[in-house]
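Structure first, commentary second.
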Amino acid sequence: MTPTRVLATAPSPAALTAGTDDTVGLASLVIAAIAVVALVWVLVLLARQRREVRRANDLLDLSRELRHRYDALQAVTKEGVLVVSLSGTVLDISDRAATILGVVPDAAVGRHLTDLAVVLVNEQGLAMNPAGVLGYRTGRAGYTVDSQLVGVAVASPTGTQARMVQVSSQLVAAADGDAPAVLTTLVDVTGSRQVEAALSRSETQFRVAMENAPIGMALVDLDWHVVEANAALAELLGTTVDALRGYPMEALGTPESRASERLEVDRLLGGGQHRFSVEKRYQRADGHLVWVVLDAALVRSPTGEPDHFVVQVRDSTESKLQAEMLTHRAMHDPLTGLANRTLLQEVLQSVLEQPGVVDRVAVLACDLDGFKEINDRYGHAAGDEVLVHVAGVLRAATARRGTVARLGGDEFVVVVQDVDGPRAVFEVAAAIHAGLAEPVRVARRRMQVAASIGIALADPETVQGGAPGLLAAADSALYRAKAAGRGRTEVYDHSMGRSSSVDLLRELTDALDADELVVHYQPIVDLADGRVVGYEALVRWQHPYRGLLLPSAFLGLAQEAGLAVPLGQLVATKVAEFVATSPDRTTWVSVNVSADQLGDGEFATTLLAEISRHRLMAGRIVVELTESSLVASGTRIRHELTQLSAAGVPILLDDFGTGVSPLSYLRDLPVAGVKLDMSFTSGIPDDPTAGKVVRALGALARELAMVTIAEGIEHAEQAEYLHRNGWRYGQGWLYGGAQPAPGSPEAATAVPLPGVVRRPDAAARPTPVATTLAGTSAPPRPAQPGTPHPAADGPPAPTGSA
């Protein structure tokens, strides 16, 4: 701008002033506008920035929340998560995945998979590349899921452990154009694999056990049909396993047992019981029946619902037969096969309990005449043949009209049941007499046998007494028949009940129940010094008003009435109690038993049971066997004596020297010692012949290493002679009679035991007599109750003299 131009066009001052003001105002307006626009723009930028910051903060919060949720999810899940880039770099790894792989999470992130200390193997045990398992696999672009089972070897304080891991990988795309990554999930299946292996092993073991079990087994469905069975069950039923599958279990049994079996199954399903066991019969494929024990248990599901049954089937045919045989033996006479006393009383009592038995039931008691003479003359083997023959005669005479029983010895009873009882029983009696009229042929001998018969008809009075009353009535009639000449038949009338023998029999029966039978003990001493070394037990009847009765007053009656069994058991029990409570543990007690009353095992069973119950030392109780009534070799009695001896009970041969064949008895029987009969003792020292016999018998016994006892010693000279000639022990009135057991009620009024004669030079020393006796028979051992032995005719009955 030149000054000339300025001067030429210079406005006036007023104009200048006005123009200047206008320019300034315009400029201010422009500047103000620009400032406003700038301010607005700044405010817009600030608002936008604030929105971006707020959005970034929200995204950050969301990221944190998602991370927390991710971490929480990883904390509770059993799966481990591993994120790897396509190049194999670890981008992220969860704690669970790190634990499974055995690495540290923070140290693993950012490292390549090949740099991790991870050992992977396949199912064949071959090593695998971690990058090939956990990372991206070339050539598989776009793959979604790829799963495989690998093994991971992890170091632990106890050593290297192997884990089975299920690995699943998939390719996931990244947001905002980032490179995709590989997401791998890791599941530790070691426990489940172990459970599967255990289940498989358990199933295999169960199947092997079932297939090889010696008893029948089956799996049965809820409809009670066979699902699976083993070979043992198929063999038991005579069929095949395939044929049993689907077969109804209840159809295996007999029709009469199916309802009860179904009831047991329904109770199982209803929860009334957890298992059941029944014994029943199954029908084999060949039609034969077998006894089995069926055990069934219900298996429930984890929810408690019934699932299936497990069944065991055991063959019990043999045990059932054995049980039936034992039951038969317990209820029948072993010699004749007839019913014994126990079965007879059960049958008779059950018959009498039925209505209308009067004039329909009768009891016939039969006793052989002169049977003891047959035993004594020809031996018990011949007697047994006679008893078997008589049993056959009674069976034939009864003709299935009743029950025939043998009570013991030669005593038989027939319970007759018929519409016309009196007529039938007389026909049976007549048939018995007719059958016995024919001689019995025994060992080329013809023996004549007769019988006395007593009959009791069921009437209101005898029925009121039950089975014992009717049997007692028949016995009364039998005694009347014997007294009238034998070989007769008598019918009971009520006047017979007043006879003295019947009264005594009833009193004896009551005495056994009232414990009126007592045992007295006669001392046995050592002849060397007079010391008491043992006792002989002698039974007595402490009658309430007749006083003390000796054995001769009631033993014969007890034998004929069949009371010898309870009498012998009573004596055995009392003797065992006496020995157990005796303060002297070296003394022994002998019990007298007749050989013809042994054989059925009742006395031996009771004696051995008492010895075992009181834990008595072997040899403390001795059995004295009457030598004159012994039997021939090979009998059941001989076998029973052997078993008693083997159980620690010594056997003494009583009345030694009076029998018909002592040498064979000493050779064949398990005899531990002999007892010289008092008839030889009474003749010494005055009778030279008696002295020679005593010396000879003593020498024979000593040669056989047997204990020697002499009875009936009344004078010191006899004791000196016996001792000088080798007899070790003795008893008799010189040393005292039989006295009650110390401490018993009758001992208070008894005469004191006479003083024992002692030699001045005898030392007071214990003599183990019991050990000596036991040592001469069988090796000592505790006696066991119920030792099996063959059965025979009669029960043992103790005998004795005053």
Side-chain angles (χ1 to χ4, degrees), residues 328 331-348 350-352 357 359-371 374 382-442 446-459 462 467 470-482 484-492 560 562 793-794:
H328 184 273
M331 294 295 181
H332 292 79
D333 173 58
L335 176 63
T336 62
L338 300 177
N340 62 7
R341 181 185 300 274
T342 302
L343 180 58
L344 172 71
Q345 291 181 344
E346 291 183 1
V347 170
L348 182 56
S350 64
V351 169
L352 294 180
V357 297
D359 294 334
R360 293 178 53 197
V361 176
V363 173
L364 182 151
C366 176
D367 193 271
L368 301 183
D369 298 330
F371 180 71
I374 294 177
D384 288 349
E385 293 189 37
V386 171
L387 292 175
V388 172
H389 170 75
V390 172
V393 171
L394 265 63
R395 285 195 187 97
T398 305
R400 298 185 178 181
R401 288 178 288 185
T403 302
V404 184
R406 176 175 175 242
L407 304 187
D410 60 337
E411 184 178 359
F412 298 86
V413 171
V414 181
V415 178
V416 177
Q417 303 176 58
D418 195 85
V419 177
D420 189 355
R423 178 187 60 81
V425 73
F426 283 111
E427 289 179 355
V428 172
I432 291 174
H433 287 302
L436 295 179
E438 182 70 21
V440 183
R441 183 178 296 276
V442 177
R446 296 174 61 86
M447 302 180 184
Q448 196 70 40
V449 181
S452 298
I453 296 177
I455 295 175
L457 304 175
D459 57 29
T462 55
L470 198 56
L471 288 173
D475 284 340
S476 299
L478 176 63
Y479 295 145
R480 175 70 63 86
K482 282 185 171 294
R486 303 188 177 187
R488 298 168 52 88
T489 298
E490 292 286 343
V491 181
Y492 174 77
E560 292 183 5
D793 306 346

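Keep in mind it's a predicted model, so treat the numbers as computed, not measured. Residue numbers count from 1 along this sequence.
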Got a donor-acceptor contact below 3.5 angstrom from the S452 side chain to the G487 backbone?
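Yes, because the side chain of S452 sits within donor-acceptor range (under 3.5 Å) of the backbone of G487.
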What residues, two or more places apart in sequence or in another chain, satisfy side chain to side chain donor-acceptor pair (under 3.5 Å) together with [X]?
X    : answer
T489 : H433
D359 : none
N340 : none
R488 : E490

So which of L457, I455, V416, V491 actually passes side chain to side chain contact (heavy atoms under 4.5 Å, CB included) with P422?
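By the side chain to side chain contact (heavy atoms under 4.5 Å, CB included) criterion, P422 pairs with just one of L457, I455, V416, V491: L457.
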Of all heavy-atom pairs between [X] and [Y], which one has the smallest distance, and what is that distance?
X    : Y    : answer
A481 : I453 : CB-O, 3.6 Å
A405 : L344 : CB-CB, 3.8 Å
A365 : D475 : CB-OD1, 4.0 Å
A397 : I432 : CB-CG1, 3.6 Å

Straight-line distance of [X] [atom1] to [Y] [atom2], nearest 0.5 Å:
X    : Y    : atom1 : atom2 : answer
Q345 : L343 : CD    : CG    : 10.0 Å
L394 : T336 : CG    : OG1   : 9.5 Å
T398 : Q417 : OG1   : CD    : 11.0 Å
D410 : C366 : CG    : SG    : 8.5 Å
L407 : D367 : CG    : CG    : 10.0 Å

Please determine whether side-chain contact (heavy atoms from CB on, under 4.5 Å) holds for the pair T403 and V351, giving the CA-CA distance in whole Å, both sets of side-chain angles, and the decisive distance to 0.1 Å.
CA-CA 11 Å; T403 302; V351 169; over 6 Å; no
State which residues pass ring pair (Phe, Tyr, Trp, His ring centres under 6.0 Å) with H332; sequence neighbours excluded, sorted by chain then number.
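Ring pair (Phe, Tyr, Trp, His ring centres under 6.0 Å) check on H332 returns H328.
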Min side-chain heavy-atom separation F412-L387 under 4.5 Å:
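A side-chain contact under 4.5 Å exists here.
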Side chain to side chain contact (heavy atoms under 4.5 Å, CB included) involving [X] - partner list, sequence neighbours excluded:
X    : result
V442 : A382, E385, V386, V440, M447
R446 : E438, P439, R441
R360 : none
A456 : L470, A473, A474, Y492

Apply side-chain contact (heavy atoms from CB on, under 4.5 Å) to the pair R395 and L338, showing each step before the final yes or no.
CA-CA 9 Å; R395 285 195 187 97; L338 300 177; 3.4 Å; yes
Show me, pair by pair, the donor-acceptor contacts under 3.5 angstrom made by side chains of residues 424-431, not counting sequence neighbours?
unit_1: E427; atom_1: OE1; unit_2: R401; atom_2: NH1; d: 2.7
unit_1: E427; atom_1: OE1; unit_2: R423; atom_2: NH1; d: 3.3
unit_1: E427; atom_1: OE2; unit_2: R423; atom_2: NH1; d: 2.7

